[in-house]
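Here the structure comes first, spelled out in structure tokens, and everything after it is commentary.
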Amino acid sequence: MKARKGCSAGTGGEFNERKQPLLKRQKERKALASDALPLPVALTNKIFIVSFFVASYFLMRSWRDKIRSSTPLHMLCLWEIVALIAQLSSFIYLIGFFGIDYVQYFIGKSGDGSWDSDEERECVKSSCQVVPEAPKAPVQLMGVGLCDNEDEDIARAVSNGDVPSYSLETQLGDTLRAASIRRRAVELTTGRSLEGLPLTGLDYSSIMGQCCEMVVGYVQLPVGVAGPLLLNGHEFTVPMATTEGCLVASTNRGCKAIHQSGGATSILLQDGMTRAPVVRFPSVKRCADLKFFLEDPNNFDTIAHMFNRTSRFARLKHLKCQLAGRNVYIRFTAMTGDAMGMNMISKGVQNVLDYLQDVYPDMEVISVSGNFCADKKPTAVNWIDGRGKSVVCEAILKGDVVRKVLKTSVSALVELNMVKNLAGSALAGAVGGFNAHAANIVSAVYIACGQDPAQNVESSQCITMMEAVNGGQDLHVSVTMPSIEVGTVGGGTQLASQSACLNLLGVKGANVESPGANAQTLARIVAGTVLAGEISLMAALAAGQLVRSHMKYNRSSNNMAAIANAALPPLPTKTTSA
């Protein structure tokens with residue numbers, strides 16, 4: 001059978017080849033500080049430790065006797081002088097050299113500039129008589145290594161359950177080949193074709209371990225641009241990934257109306273990702289004790305220290321507790337830099353929980369997330385307290401722009417907003433749903449820019465306000481969005497296409513000068529784009545344009561001709577009885 005690319009197997013000969021550069025590096029390694037010691041560094045450390053404590057003990061006993069006999073302490077005998085010298089020299093050594101072997105072991109560099117490895121250290125200790133580790137046995141198929149088989153044979157083995165699908169990337173060493181074989185295995189298992197789902201053209205190695213597992217291809221989504229959006233004096237061309245016709249065109253019209261009216265202003269009200277674990281106690285009294293302890297300002301610095309030490313960017317801002325019987329829900333809010341921050345804040349929360357279990361041994365951790373966060377759910381706590389970035393964005397549209405660009409009037413928009421977005425949503429019992437279609441814009445921008453599309457649920461909570469200003473001539477319109485959850489590092493933002501969209505907005509990656517600034521700018525852009533989308537859709541509804549535009553732009557024309565030409569069934573003839 002034909003061997004495939006990406007296969008490799010460790011042999012004794014290969015190990016010997018690897019050992020030669022290692023031996024050379026050991027011969028050419030640079031001198032270490034411990035080489036100057038007459039004795040091995042470990043033995044020297046022990047001698048000085050013993051010397052320090054013996055001298056200290058002798059001096060304390062001697063001074064105690066002097067105090068009892070009222071003898072001046074500065075009157076020293078020979079042994080006291082020797083003890084002082086021993087103590088001082090031991091102290092200097094311990095400060096300067098103690099643990100040098102430990103430091104060299106982990107961070108010492110070899111002569112060629114590479115970090116010393118465990119293998120190199122053991123080579124020195126055993127005069128380079130290295131015994132190679134037995135390589136892990138690779139998965140075998142038909143008597144040979146998995147990667148030496150034909151793709152079709154491997155796919156059948158995966159389909160039959162003889163080879164685990166999740167191990168293909170590791171065993172084959174080729175992510176594209178692994179995706180192709182898994183795709184074929186799925187077709188064999190289901191009996192259905194995946195033709196039409198793209199396979200090539202994506203760097204699968206870039207998604208391994210961070211974006212997706214069990215990959216069989218990728219989905220194509222068209223990306224359009226709306227803008228320029230004039231926001232806070234800067235123009236942004238906003239990428240939007242969507243399969244809905246009219247959405248980009250409508251948002252683009254809203255951007256035009258904002259631009260011709262002088263632009264929009266977007267303000268960040270607060271920034272803080274949340275995570276809320278749930279813990280349980282034997283009694284309600286113990287729950288209350290924890291609540292009072294955590295919410296006591298005198299204890300905040302200790303809690304914040306335990307939380308913040310997990311990351312350079314995680315900074316605990318505040319926390320609040322809610323009780324439900326014997327359960328305590330602790331809602332942590334923290335800054336997370338340019339990352340969306342769920343993983344970062346979860347690590348900080350786990351640190352605090354570990355600390356609290358030492359303080360409260362009877363505390364039982366039920367879950368690191370108790371849904372009081374709340375993530376990927378429309379909730380009142382996010383609507384009221386906010387989550388992620390809380391943003392408000394406003395614009396004053398000139399009356400002539402409303403008439404010429406939006407084809408409606410200020411009074412019609414004000415009335416429609418009150419009846420639809422406010423009263424209608426109230427009748428529906430909406431939680432943060434007092435808007436026309438904020439989720440449309442948020443989803444499109446999120447997918448284009450590598451955000452978590454499921455967080456569209458809480459990020460789209462928005463209230464749209466419209467009122468006539470300047471004597472009723474102009475329209476003041478605003479959107480308030482308390483829980484926009486975005487990041488410019490981590491997750492899908494690292495993929496090539498999503499990274500390109502972030503680069504188009506000028507917020508790619510982390511902001512080195514001001515950590516968190518890029519993510520905050522992206523949140524402002526999301527709010528500004530939602531404002532444009534709200535303006536245009538509301539205008540279309542007020543002018544009666546919605547149905548016409550969707551019939552024109554949001555319907556497939558592939559089969560329309562056949563449908564139009566299809567013969568309609570004859571109408572039943574009316575019969576009358578005599």
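Hydrogens, waters and symmetry mates are skipped; everything else that's a heavy atom, side chains included, is used. These figures come from a predicted structure and were not determined experimentally.
The side-chain heavy atoms of Tyr166 and Glu213, taken from C-beta on, include no pair separated by under 4.5 Å. Looking at heavy atoms from C-beta onward, Val279 lies out of side-chain contact with Tyr360 at the 4.5 angstrom threshold. Using a 4.5 Å heavy-atom cutoff, the side chains of Asn435 and Val479 are not in contact. In this structure, the side chains of Phe332 and Pro277 come closer than 4.5 Å at one or more pairs of heavy atoms. Annotation: side chain of Tyr446 is not in contact with side chain of Asp452 (no heavy-atom distance under 4.5 Å). With a 4.5 Å cut-off on side-chain heavy atoms, Leu356 and Leu294 count as touching. Looking only at side-chain heavy atoms (C-beta outward), His476 and Met466 stay at 4.5 Å or farther from each other. Residues Thr464 and Phe434 are not in side-chain contact: their nearest non-hydrogen atoms beyond the backbone lie 4.5 Å or more apart.
Within the model, atoms CD1 of Ile207 and CG of Leu202 stand 5.5 Å from one another, a figure rounded to the nearest 0.5 Å. Rounded to the nearest 0.5 Å, atoms CG (Asp362) and CG (Asp289) are 9.0 Å apart. Atom CD of residue Gln350 and atom OH of residue Tyr355 lie 15.5 Å apart, to the nearest 0.5 angstrom. With values rounded to the nearest 0.5 angstrom, Lys508 atom NZ is found 11.5 Å from Asn518 atom CG. In this structure, Glu534 CD and Ser478 OG are separated by 10.5 Å, a value rounded to the nearest 0.5 Å. A distance of 7.5 Å separates CZ in Phe236 from CG in Leu505, rounded to the nearest 0.5 Å.
The two residues Ala334 and Leu316 come nearest to each other via the heavy atoms CB-CA, 3.9 Å. Closest of all the heavy-atom pairs between Ile345 and Met342 is CG2-O, 3.3 Å. Between Ala439 and Asn456, the closest heavy-atom pair is O-OD1, 3.3 Å. When every heavy atom of Ala324 is checked against every heavy atom of Tyr329, the shortest pair comes out as CB-CE1, 3.8 Å. Scanning both residues, Ser165 and Val158, for their nearest heavy atoms gives CB-CG1, 3.8 Å. Residues Cys501 and Cys449 share a closest heavy-atom pair of CB-SG, 4.2 Å.
The neighbour count for Asp162 CG, taken as heavy atoms of other residues, nucleotides or ligands under 6.0 Å away, is above 12. The number of heavy atoms from other shown groups lying within 6.0 Å of NE2 (His234) does not exceed 12. Residue Arg312 qualifies as open at atom CZ: its count of foreign heavy atoms under 6.0 Å is 12 or below.
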**OP:** Check the pair Ile463, Leu422 against side-chain contact (heavy atoms from CB on, under 4.5 Å), reporting the backbone distance first and the verdict last.
**Re:** CA-CA 8 Å; Ile463 182 168; Leu422 304 183; 4.2 Å; yes
Original post:
Would Asp271 and Gln520 count as a side-chain hydrogen bond (donor to acceptor under 3.5 Å, both in side chains) if you check the C-alpha gap in whole Å, the side-chain angles of each, and the deciding distance to 0.1 Å?
Top reply: CA-CA 8 Å; Asp271 185 358; Gln520 292 174 356; 3.0 Å; yes
**OP:** Kindly determine whether Leu319 and Thr333 satisfy side-chain contact (heavy atoms from CB on, under 4.5 Å), including the steps that lead there.
**Re:** CA-CA 6 Å; Leu319 55 83; Thr333 304; over 6 Å; no
**OP:** List the steps, then state whether side-chain contact (heavy atoms from CB on, under 4.5 Å) holds for Val486 with Met340.
**Re:** CA-CA 5 Å; Val486 292; Met340 184 270 289; over 6 Å; no
Subject >> Criterion side-chain contact (heavy atoms from CB on, under 4.5 Å) on Ile330 and Lys320, from CA distance to verdict >> reply: CA-CA 6 Å; Ile330 314 166; Lys320 64 183 293 187; over 6 Å; no
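No hydrogens or angles considered: nothing links the side chains of Thr265 and Glu394 as a donor-acceptor pair under 3.5 Å. Of the N and O atoms on the side chains of Ser425 and Asn421, not one donor lies less than 3.5 Å from an acceptor on the other residue. Using modelled atom types, one finds a donor on one side chain and an acceptor on the other under 3.5 Å when comparing Ser390 with Gln270. Side chains of Asn327 and Arg280: a donor on one and an acceptor on the other come within 3.5 Å. Judged by distance alone, the side chains of Asn382 and Thr379 do bring a donor and an acceptor atom under 3.5 Å apart. Side chain to side chain, Arg275 and Ser369 meet the donor-acceptor criterion of an N or O pair below 3.5 Å. Side-chain atoms of Thr175 and Ser205 include no donor-acceptor pair closer than 3.5 Å.
For Glu364 and Arg326, the salt-bridge test fails: no basic side-chain N is under 4.0 Å from an acidic carboxylate O. Salt bridge Glu485/Arg387: present, at least one basic N to carboxylate O contact under 4.0 Å.
With Asn232 contributing its side chain and Ser266 its backbone, the two residues share a donor-acceptor pair below 3.5 Å. Asp338 contributes no side-chain N or O that, together with a main-chain N or O of Thr488, makes up a donor-acceptor pair within less than 3.5 Å. Without hydrogens or angle criteria, Arg524 side chain to Ile267 main chain gives no donor-acceptor distance under 3.5 Å. Within the 3.5 Å criterion, the main-chain N or O of Thr170 finds no donor-acceptor partner in the side chain of Ser167. Side chain of Thr274 to backbone of Cys373: a donor-acceptor contact under 3.5 angstrom is found. Remark: side-chain polar atoms of Ser459 are paired, donor with acceptor, to backbone N or O of Gln455 under 3.5 angstrom. A donor-acceptor pair is defined here as one N or O able to donate and one able to accept, closer than 3.5 Å; no such pair exists between the side chain of Ser51 and the backbone of Ile47. Within the 3.5 Å criterion, the main-chain N or O of Ser499 finds no donor-acceptor partner in the side chain of Asn503. In this structure, the side chain of Gln461 does not engage the main chain of Val457 through any donor-acceptor pair within 3.5 Å.
Every residue two or more places apart in sequence or in another chain that forms a salt bridge (charged side-chain N to carboxylate O under 4.0 Å, His left out) with Lys291 is listed here: Glu295. Looking at residues two or more places apart in sequence or on another chain, you find a side chain to side chain contact (heavy atoms under 4.5 Å, CB included) between Asn440 and Glu244, Leu247, His437.
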